[in-house]
There are 2 protein chains.
Amino acid sequence: MKINQPANRGRGRPLAFDPTQALDAAMRVFWLKGYEGTSLSDLTGAMRINKPSLYARFDDKRALFLAAIEHYVATIGAPNVQKLLEGKTVRETIAGYFSTITAALTSADSPPGCLIGSVATDLAGRDEEIRELVANLVSSTEAFLTQRFKELGDAPMDEQTLAEAVVSFAQSLAARARLGATQSDLNARADRFLSVLLGTDGPVS
Amino acid sequence: MKINQPANRGRGRPLAFDPTQALDAAMRVFWLKGYEGTSLSDLTGAMRINKPSLYARFDDKRALFLAAIEHYVATIGAPNVQKLLEGKTVRETIAGYFSTITAALTSADSPPGCLIGSVATDLAGRDEEIRELVANLVSSTEAFLTQRFKELGDAPMDEQTLAEAVVSFAQSLAARARLGATQSDLNARADRFLSVLLGTDGPVS
DNA sequence: CCTTAATTGTACCTTTCCGTACAAAAATTC
DNA sequence: GAATTTTTGTACGGAAAGGTACAATTAAGG
């Protein structure tokens with residue numbers, strides 16, 4: 001959480017906007033339009049602030065994008081991963097994960113797909129810092145899943161291998177969603193994939 | 001193949017550049033920099049032509065991007081898919097496919113990852129024509145694989161389901177490559193995934 | 001060799017890009 | 001309530017964006 005906080009302890013004119021709301025709006029613009037495809041007018045328009053406010057709070061366009069990724073992880077990614085703890089079996093955990101993310105990837109009030117899986121991953125090809133950040137996010141997710149599978153103890157194969165397969169498939173779901181797949185498309189695919197992974201015992205959703 | 005051909009039957013001043021080479025150069029720029037991230041100067045610089053020549057031959061930036069996708073399919077995608085016909089078993093076919101694409105995704109003289117899987121898929125979120133084009137490419141690949149699996153006859157599960165799993169994993173390999181994974185990283189992942197899919201009988205590469 | 005057809009290079013156009021200067025406004029501190 | 005601190009809105013910069021006009025150039029056709 002950088003968000004250029006000048007230690008506003010009460011002095012001076014108060015902020016006329018909610019930084020978190022503004023950041024959320026910026027995130028959605030980047031999510032739809034991509035990094036270079038998003039202009040400062042796009043941003044200030046959606047955030048309902050003007051440029052000096054944007055620069056005072058978020059430094060510049062690139063820093064704002066980094067903050068938007070962080071915000072995405074905090075508000076969308078992490079909660080979805082936390083839900084993994086609800087599953088009592090490996091199958092339940094994976095099915096729940098897939099069903100959670102197919103909903104997020106096709107949500108009506110967000111752009112299609114995943115900010116990180118599409119926009120940031122594209123940018124990663126030409127921005128080293130982004131590349132490392134996103135690669136670490138993916139690794140962490142795999143590590144978290146691996147750990148959880150070990151705790152549950154009923155994985156029918158090496159937990160790391162299973163986690164890799166699950167996260168890889170999740171990445172492909174993000175791509176499909178970006179390409180216009182509906183939630184039920186994705187759920188049907190997830191069902192079939194789950195049956196390949198663990199045998200056929202029931203639907204995801 | 002659109003490539004604004006004014007039926008150059010010999011009249012007028014001859015072209016001073018090779019359109020296919022120029023298109024190939026443009027493809028690589030888009031591949032690295034993304035669609036909006038690529039400027040006309042980037043393009044004319046890499047293609048070694050000036051703007052009027054670019055516009056005469058390729059209409060505009062967006063049409064050039066579409067031509068670049070077509071060129072990518074023709075020179076990289078289709079040949080990789082054609083290699084599928086060499087495999088004598090389902091396992092051989094899948095292993096060969098993974099090993100072919102991990103090489104392509106990490107080739108030293110190309111940008112990392114896949115033009116279509118990263119750049120075009122990102123753009124698909126805000127460009128309907130691109131979205132449909134890319135979605136059809138993915139579907140065709142799945143259909144081709146399904147067909148091939150049926151011909152081979154030794155798939156241990158529904159061929160369509162298997163093809164979906166394979167193409168989905170291929171999409172995730174493209175994302176990982178964009179995030180900096182090496183060829184051996186990807187091959188190791190592919191090995192593990194193949195063992196999950198078909199049981200453990202040998203390495204991909 | 002003159003006309004016609006096509007491409008080339010330069011120079012230019014308008015718009016938009018990202019970023020900032022600056023004065024007015026709104027709060028706190030003394 | 002004057003001084004101080006911070007944010008706001010407007011307005012402006014220089015650079016780069018995508019795209020085109022136009023004259024010069026190079027070929028084939030007659």
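The chains referred to below are lettered A, B, ... by the order of the sequence lines, with proteins before strands, and numbering in each begins at 1.
- Residue B:K61 has its side chain nearest to D:dG19 when only C:dT7, C:dC18, D:dG19 are considered.
- Ion pairing between a basic and an acidic side chain is recognised when a charged N comes within 4.0 Å of a carboxylate O; B:R176 and B:D185 show no such pairing.
- A:R192 is linked by a side chain to side chain donor-acceptor pair (under 3.5 Å) to B:E164, counting only residues two or more places apart in sequence or in another chain.
- As a whole-Å value, the separation of A:M47 CE from C:dC18 P is 13 Å.
- Residues forming a salt bridge (Lys or Arg N to Asp or Glu O under 4.0 Å) with B:E132 (at least two apart in sequence, or on another chain): none.
- The side chain of B:R62 contributes no N or O atom lying less than 4.0 Å from OP1 or OP2 of D:dG18.
- Taking atom CD1 on A:I49 and atom C1' on C:dG19, their separation rounds to 14 Å, with Å as the unit.
- For C:dT8, neither phosphate oxygen OP1 nor OP2 lies less than 4.0 angstrom from any side-chain nitrogen or oxygen of B:N50.
- By the ring pair (Phe, Tyr, Trp, His ring centres under 6.0 Å) test, A:F149 is found to be paired with no residue, residues two or more places apart in sequence or in another chain being considered.
- Sorted pairs that involve residues 74-86 of chain A and meet side-chain hydrogen bond (donor to acceptor under 3.5 Å, both in side chains), not counting sequence neighbours, are lacking altogether.
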Contact list (N/O, under 3.5 angstrom) for nucleotides 20-22 of chain D vs protein:
none

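- Atom C1' of nucleotide D:dG19 and atom CG of B:L54 are separated by 11 Å, given to the nearest angstrom.
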The test is side-chain contact (heavy atoms from CB on, under 4.5 Å); show your working for B:I69 and B:L137 and say whether it passes. CA-CA 10 Å; B:I69 291 182; B:L137 288 173; 4.2 Å; yes

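- Here the P atom of nucleotide C:dT20 and the CG atom of A:L40 are 11 Å apart, to the nearest Å.
- Between A:F65 and A:F30, the ring-plane angle classifies as perpendicular under the 30° and 60° cut-offs.
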Polar atom pairs (N or O), protein with nucleotides 25-27 of chain D, under 3.5 Å:
unit_1	atom_1	unit_2	atom_2	d
D:dT25	O2	B:R13	NH1	3.2
D:dT26	O2	B:R13	N	3.2

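- A salt bridge links B:R62 to B:E129: at least one charged side-chain nitrogen sits closer than 4.0 Å to a carboxylate oxygen.
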Would B:F58 and B:L23 count as a side-chain contact (heavy atoms from CB on, under 4.5 Å) if you check the C-alpha gap in whole Å, the side-chain angles of each, and the deciding distance to 0.1 Å? CA-CA 9 Å; B:F58 302 102; B:L23 182 54; 4.3 Å; yes

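- Phosphate proximity of C:dT16 to A:S39: absent, as no side-chain N or O sits under 4.0 Å from OP1 or OP2.
- Screening A:P112, A:S118, A:P111 for a side-chain contact (heavy atoms from CB on, under 4.5 Å) involving A:W31 leaves a single residue, A:P111.
- The stretch residues 24-36 of chain A has no heavy atom under 4.0 angstrom from DNA chain D at all.
- In this structure, B:F58 places its CZ atom 15 Å from P of D:dG19, rounding to the nearest Å.
- Direction of the helix axis in the helix from C:dC1-D:dG30 to C:dC30-D:dG1 shifts by 0° between the two five-pair termini, rounded to 10°.
- Note on A:T38: only backbone sugar-phosphate atoms sit closer than 4.0 angstrom, heavy atoms only; bases stay farther off.
- In terms of the salt bridge (Lys or Arg N to Asp or Glu O under 4.0 Å) criterion, residue partners of A:D24 (sequence neighbours excluded) are, by chain and number, A:R28.
- Remark: B:R57 is in phosphate contact with C:dT7, judged by side-chain N or O atoms under 4.0 Å from OP1 or OP2.
- The phosphate of D:dT8 has OP1 or OP2 within less than 4.0 Å of a side-chain N or O from A:S53.
- For D:dA17, one of the phosphate oxygens OP1 or OP2 lies less than 4.0 angstrom from a side-chain nitrogen or oxygen of B:S41.
- Partners of B:K61 under the salt bridge (Lys or Arg N to Asp or Glu O under 4.0 Å) rule, at least two apart in sequence or in another chain, do not exist in this structure.
- By the salt bridge (Lys or Arg N to Asp or Glu O under 4.0 Å) test, A:E92 is found to be paired with no residue, residues two or more places apart in sequence or in another chain being considered.
- Residues in residues 161-198 of chain A take part in these ring-ring contact (aromatic ring centres under 6.0 Å, His included) pairs, two or more places apart or across chains: A:F98-A:F169, A:F169-A:F193.
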